[in-house]
Structures are given as structure tokens and as C-alpha cells.
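Keep in mind that the numbers below use all heavy atoms, side chains included, and drop hydrogens, waters and symmetry copies. Read the numbers this way: they start at 1 and go in the same order the structure lists the ligands and their atoms.
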Amino acid sequence: MTDRKSEIQTIFNNIAPVYDNLNDWLSLGQHRVWKLMTVKWSQAKTGDTCIDLCCGSGDLSQILARQVGNTGQVFGVDFSAGLLAIAKQRTQNHYPPLAIDWVEADVLQLPFPDNHFDCATMGYGLRNVTDIPQCLRELYRVFKPGATAAILDFHRPYNPVMQNFQQWYLKNVVVTAAEHFGLTEEYAYISPSLDKFPQGQQQVNLAHQAGFTNATHYQIAGGIMGVLRITK
Ligand SMILES: C/C(=C\Cc1cc(O)c2ccccc2c1O)CCC[C@H](C)CCC[C@H](C)CCCC(C)C
Ligand SMILES: C[S@@+](CC[C@H](N)C(=O)[O-])C[C@H]1O[C@@H](n2cnc3c(N)ncnc32)[C@H](O)[C@@H]1O
């Protein structure tokens, strides 16, 4: 395992106990709306076999599972044992049961055959993987022809007012809130990770390089978030 990979894993295992509550609080509940939009953009339908990459505590997987119903199947994949334990616990007594398999694995080496999935979602994962082109190539490999993925993540707004707001909010609200839980470094990591993250058109180019035929990036929430939609 590379050092960088274990550093990322440690960040997410450390934040697991507070992750869901902080997301609700810091986004004023908006992340739930963004995740619903993401599932809609993935074009998941009844009976589909779908993968939720970097599923964390599993909110997107749950929305996907409701969309595909009990004739479909969702695989939630993540390498954080801490977040996956929360995902499992949140769904184990769900009624009606949700067709979700939780898989502890690296999304850069997916334990699935070629041409297996009808659709995919990924929430706040692509910015955190150590090799974005490899992640897109792996997704392309496991996709059936025609399958669609919707990938939600932070985005740096082009509008300078929104850009300043985002920078101010990440530094003064997000990191300050995290300090109360002893998680300053973990949350301070978001802003520099966003600086290194390819912007919308660059993401589109990377998707084309991985083989995807259609790729479009949509800015949402005033440009502070984005969804990359790609089709094999
Ligand atoms: C959904 C949120 C965070 C996800 C998240 C992603 C990461 O990569 C992490 C890495 C390390 C630690 C934690 C995380 C992590 O939690 C919360 C997003 C909050 C945002 C800063 C957005 C704030 C939005 C406004 C309150 C609403 C603005 C609406 C708009 C202007 C229309
Ligand atoms: C910010 S969380 C997002 C969780 C969830 N998808 C959401 O929308 O709330 C990022 C997740 O990516 C996972 N992750 C990062 N790199 C990974 C990799 N190479 N393989 C598997 N999971 C990875 C982390 O463990 C973490 O759960």
C-alpha cells in the first residue's frame, strides 16, 4: 500500500464517527439534495446493477437502492472500514430490505468483472483517490456499453464572489467546526485537495481519455459543487 493511500484511509477512518452529522450541519442539509440529483443523473432504473464508488457511510448507495428496487442490486465500495461499518449498521434493519452489498476494496482495483454494471454514482470520492485517470479507467472497464455514471464533488466556482465565499466557508466554518472534534487536519485537507482537483472541462477531458464517449460537467449550488456525467 502506498503511503498516500494509507494517509487518505486514516483521514476517513478518523472522521467516521462525526461524518454524517457534520455533512448535514455544514451543508445545511443541502448535500442530501445534491445526492438526489446525482442519482437522477446516473439514470439508474428498476432492475439495474449499480456501483456506488467511495460509498463512505452509504447515503448515495441507499438512494440508488431505492431507485433500482428489489429486482436490482447496488454494490457500495469503499476502503474505509470505519465508514463501511456505519453504512452496514444503518441498513441492516431497513424495512423494506435494501439490495445493497457493502464491499471493502480499493476503487483503483475493483473486484468485479468487465462489462458488469448498468450505472454508477460517486460522491466526494474522485477528488480523494490517488490516481484519477486509473479510477476512470477502472470504472470504464466494469461498465456495460451504454452505462452512465454521475460523479458529485466540490468544484471551484468561476464567479469570484462565490469563490471567496467557498474559501471563507471552508476555512472559517468547516475547519472551525472540525476543531471541536479534534479533526482540524482532516477537514483542513478539503481545500488543498480541491486546489489540485481538475476543474469541469479538465474532468471531461480525463473521461474522454479513459474511453467514455459522452462526458458533461454540470456546476450546481452556485458552482461550489459539480456533477460529472459520463457514458461508456
Ligand atoms: C458534503 C460535505 C462534505 C463532504 C466531504 C468531502 C470530503 O472530501 C472530505 C474530506 C475530508 C474530510 C471531510 C470531507 C467531507 O465531509 C459538506 C459540504 C459543505 C460545503 C462547504 C458546502 C456549504 C454549502 C452552503 C452552506 C450552502 C450553500 C448553498 C448555495 C450557495 C446555493
Ligand atoms: C468524502 S468521503 C465520501 C463518502 C460518500 N460517498 C458521501 O458522498 O458522503 C470519500 C470516501 O472516499 C473513500 N476513498 C478514497 N479513496 C478510495 C479508494 N482508492 N478506494 C476506496 N475508497 C476510497 C474514503 O474512504 C471515503 O469514504
Any chance the rings of W102 and F75 have centres within less than 6.0 Å?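 W102 vs F75: aromatic centres not under 6.0 Å.
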N or O contact, N128 vs ligand 1, cut-off under 3.5 Å: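 Yes, at least one N or O pair falls under 3.5 Å.
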I'd like to check whether W34 has a polar contact with ligand 1, where a contact means an N/O of the residue lying under 3.5 Å from an N/O of the ligand.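 Min N/O separation from ligand 1 is not below 3.5 Å for W34.
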So is L83 in contact with ligand 2, going by heavy-atom distances below 4.0 Å?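 Distance cut 4.0 Å: L83 passes for ligand 2.
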Ligand 2 contact by A105, heavy-atom criterion under 4.0 angstrom: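 The answer is yes, since A105 has a heavy atom less than 4.0 Å from ligand 2.
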For [atom], what's the nearest protein heavy-atom neighbour? Residue, atom name and distance, please.
atom	result
atom 6 (C) of ligand 1	R127 NH2, 3.6 Å
atom 11 (C) of ligand 2	D78 OD2, 3.7 Å
atom 24 (C) of ligand 1	I224 CD1, 3.8 Å

Proximal ligand 2 atoms for [X], defined as those under 4.0 Å from one of its heavy atoms:
X	value
K35	7 (C), 8 (O), 9 (O)
G56	4 (C), 27 (O)
D106	18 (C), 19 (N), 20 (N)
S80	25 (O)

Classify the ring geometry between F143 and F212 as parallel (under 30°), tilted (30 to 60°) or perpendicular (over 60°).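 The rings of F143 and F212 stand perpendicular, inter-plane angle above 60°.
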Heavy-atom pairs closer than 4.0 Å: do any link ligand 1 to the side chain of Q166, the backbone, both, or neither?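 Answer for Q166: neither.
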N or O contact, [X] vs ligand 2, cut-off under 3.5 Å:
X	result
C54	yes
L60	no
F79	yes

Closest by any non-hydrogen atom to atom 14 (C) of ligand 1: pick that one out of I220, I190, D20, V173.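 Comparing heavy atoms across I220, I190, D20, V173, the nearest one to atom 14 (C) of ligand 1 lies in I190.
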Give the single entry among F12, W34, Y124, Y19 that approaches atom 9 (O) of ligand 2 most closely by any heavy atom.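 Nearest option to atom 9 (O) of ligand 2, by heavy atoms: Y19.
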For M162, atoms of ligand 1 separated by under 4.0 Å from a heavy atom: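 Close to M162: 31 (C).
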Which of the atoms in ligand 1, numbered in the order shown and given with their element, are less than 4.0 Å from a heavy-atom of I15?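 Ligand 1 atoms under the 4.0 Å threshold to I15: 12 (C), 13 (C).
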